[in-house]
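Heavy-atom basis, side chains included; hydrogens, waters and symmetry copies ignored. Below, chains carry the letters A, B, ... as their sequence lines are ordered, and counting in each starts from 1.
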Number of protein chains: 2
Amino acid sequence: MTKKDVAGATPPPRAKRLPRAVRERQILDAAVRVFSERGYHAASMDEVSDVAGISKPMIYAYLGSKEELFAACIQREATRLMEAIGGVVDVDLDPEEQLWRGVLAFFTFVGENRDSWQVLHRQAGTQGAPFAAELAEGRRRAVAMISALLDRAAGREGVGAFAEGRTEPLAAALTGAGEALAEWWLEHPEESPKAMARRLMNLSWMGFGNLVLGRAWSPEKSA
Amino acid sequence: MTKKDVAGATPPPRAKRLPRAVRERQILDAAVRVFSERGYHAASMDEVSDVAGISKPMIYAYLGSKEELFAACIQREATRLMEAIGGVVDVDLDPEEQLWRGVLAFFTFVGENRDSWQVLHRQAGTQGAPFAAELAEGRRRAVAMISALLDRAAGREGVGAFAEGRTEPLAAALTGAGEALAEWWLEHPEESPKAMARRLMNLSWMGFGNLVLGRAWSPEKSA
DNA sequence: AGGCTTACCTACTGATGAGTAAGACTACTT
DNA sequence: AAGTAGTCTTACTCATCAGTAGGTAAGCCT
């Protein structure tokens, strides 16, 4: 009479024993899902443990406090995103081509990993918490990457064009535009990653000035 | 000996009797400050009441629940922002000029009302709460305004250029870029509103394609 | 078999914070 | 002066969670 006698509950009352590494991954997966749809504060550790199919103390034993858990999520997902983008950007290429590839990789990633994306994006404006460091750090890496790209672009053309060499704010603006487009995408899921990437190129590479004149950007042309 | 004897506290122990309208404004002011620096969840009603120099039940009596209070903040500040921008955009003007003025008004507002701005921006990605409606609504208004501007721009030049007539996502991207720049501005407060507005025009009107070639945007030229 | 480690659990504590009950003070009416 | 309407307070209740104490069971060595 030790166990329950009503029996038959779909998830086994006592979870199967699994090695730590596996459980840690499961917990992180669950945490990403919960944090992404509730946000940091509204998410509860109880819900994370439910979704993970494990009891709460295990989370504390393996991943530490709520903040540490969240930081771990941020770090893992940020790394995945950065690798997805970094993987397609070849430094020897034409900057325009690099930008196109990077932007396309970004939207592809977001399309295939909504939760990963949202957990990074939804809490973006949070400061005052220790995990703000992780957030800011991830963002800084992204901005630095784009900023470097723009610097190379300026260099290749032999022009120090970018407003007194300040490409960093422009890179920040570009990421902001990307985030906003990704957000818009959530309400228009019928769009393809390519179409989204194209929009961002139109805005950021061509600018409204050109668009108004009927000149649009397309991936087919070279220069 | 009724009051505190350590004395010197700026807000009197028992608040002076004031008409409801005045108190409501004070409470809203305090709420905007607290929400802007803590975010919705981390903010507590006790802190709001402290900052407002009044006791908690007054807030509930006048402004309702925490959610209603927050919604009221959003609505008031969103309206102020929209009016600041709407006030300088003259529909008869050149679209480029309109965009410039609107963008400049935006950064001017943000520079002078950091709290108002942050309370709107920091919670932007929150969904699932009733006040998400207010947030989304405010954003929709802003995007619609810019989108209409772009449509007029396309119309004036006689071109249906904007990627199959979809100016709305581009407008969304532009607001995202503006938000990201405003964020960047917080870490570089030495910049002027004009310099910030110029950056956004460079990105959105000229595009990187032009910037790379040494063509930058400036408010002095006309076309 | 007995012992040891690691996975795993139920059932609590303690703090924080939203929201309220019940009444006190002030000022304006009549 | 006595009523009454509106301002303002102290001092609670009650729910929600983060985090933990203390213990059970499963595998793995000898």
Is there any salt bridge (charged side-chain N to carboxylate O under 4.0 Å, His left out) pair reaching into residues 136-150 of chain A, and which pairs are they, with sequence neighbours excluded?
->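 Those involving residues 136-150 of chain A are A/Glu137-A/Arg140, A/Arg139-A/Glu179.
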Atom pair distance, as rounded to whole Å: [atom1] in [X] and [atom2] in [N]:
X: B/Glu47; N: C/dA18; atom1: CD; atom2: C1'; answer: 15 Å
X: A/His41; N: D/dA18; atom1: NE2; atom2: C1'; answer: 13 Å
X: A/Lys16; N: D/dA25; atom1: NZ; atom2: P; answer: 18 Å

At their closest point, which heavy atom of A/Met45 faces which heavy atom of A/Gly64, and how far apart are they?
->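 That would be CE-O, 4.4 Å.
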Minimal non-hydrogen separation, B/Ala173 against A/Ala180, with atom names =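 Where B/Ala173 meets A/Ala180 most closely, the heavy atoms are CA-CB, 4.1 Å.
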Per-pair distances, 0.1 Å, donor-acceptor, side chain in residues 100-108 of chain B, under 3.5 Å, sequence neighbours excluded:
| residue | atom | partner | partner atom | Å |
| --- | --- | --- | --- | --- |
| B/Arg101 | NE | B/Glu97 | OE2 | 3.2 |
| B/Thr108 | OG1 | B/Leu104 | O | 2.7 |

Identify whether any heavy atom of A/Ala43 sits under 4.0 Å from a base atom; if not, whether one sits that close to sugar-phosphate; answer base, sugar-phosphate or nothing.
->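 Since only primed, P, OP1 and OP2 atoms lie under 4.0 Å of A/Ala43, the category is sugar-phosphate.
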Of all pairs that satisfy ring-ring contact (aromatic ring centres under 6.0 Å, His included), the ones with a partner from residues 65-85 of chain A, not counting sequence neighbours =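 For residues 65-85 of chain A, and leaving out neighbouring residues, the ring-ring contact (aromatic ring centres under 6.0 Å, His included) pairs sorted by first residue read A/Phe35-A/Phe70, A/Tyr40-A/Phe70, A/Phe70-A/Phe131.
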Would you call A/Arg199-A/Glu191 a salt bridge at under 4.0 Å N-O?
->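 Judged by the 4.0 Å cut-off on N to carboxylate O distance, A/Arg199 and A/Glu191 do form a salt bridge.
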Would you please test A/Trp117 and A/Glu77 for side-chain hydrogen bond (donor to acceptor under 3.5 Å, both in side chains) and show each step?
-> CA-CA 8 Å; A/Trp117 161 247; A/Glu77 303 309 321; over 6 Å; no
Near DNA chain D, under 4.0 Å by heavy atom, which residues of residues 17-29 of chain A?
->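 Result for residues 17-29 of chain A: A/Arg17, sorted by number.
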Does any residue of residues 54-69 of chain A have a heavy atom under 4.0 Å from DNA chain D, and if so, which ones, in number order?
->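 Only A/Lys56, A/Pro57, A/Tyr60, A/Ser65, A/Lys66 qualify.
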Got a sec, which residues hit side chain to side chain donor-acceptor pair (under 3.5 Å) with B/Arg20, two or more places apart in sequence or on another chain?
->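 Counting only residues at least two positions away or on another chain, B/Arg20 forms a side chain to side chain donor-acceptor pair (under 3.5 Å) with B/Glu24.
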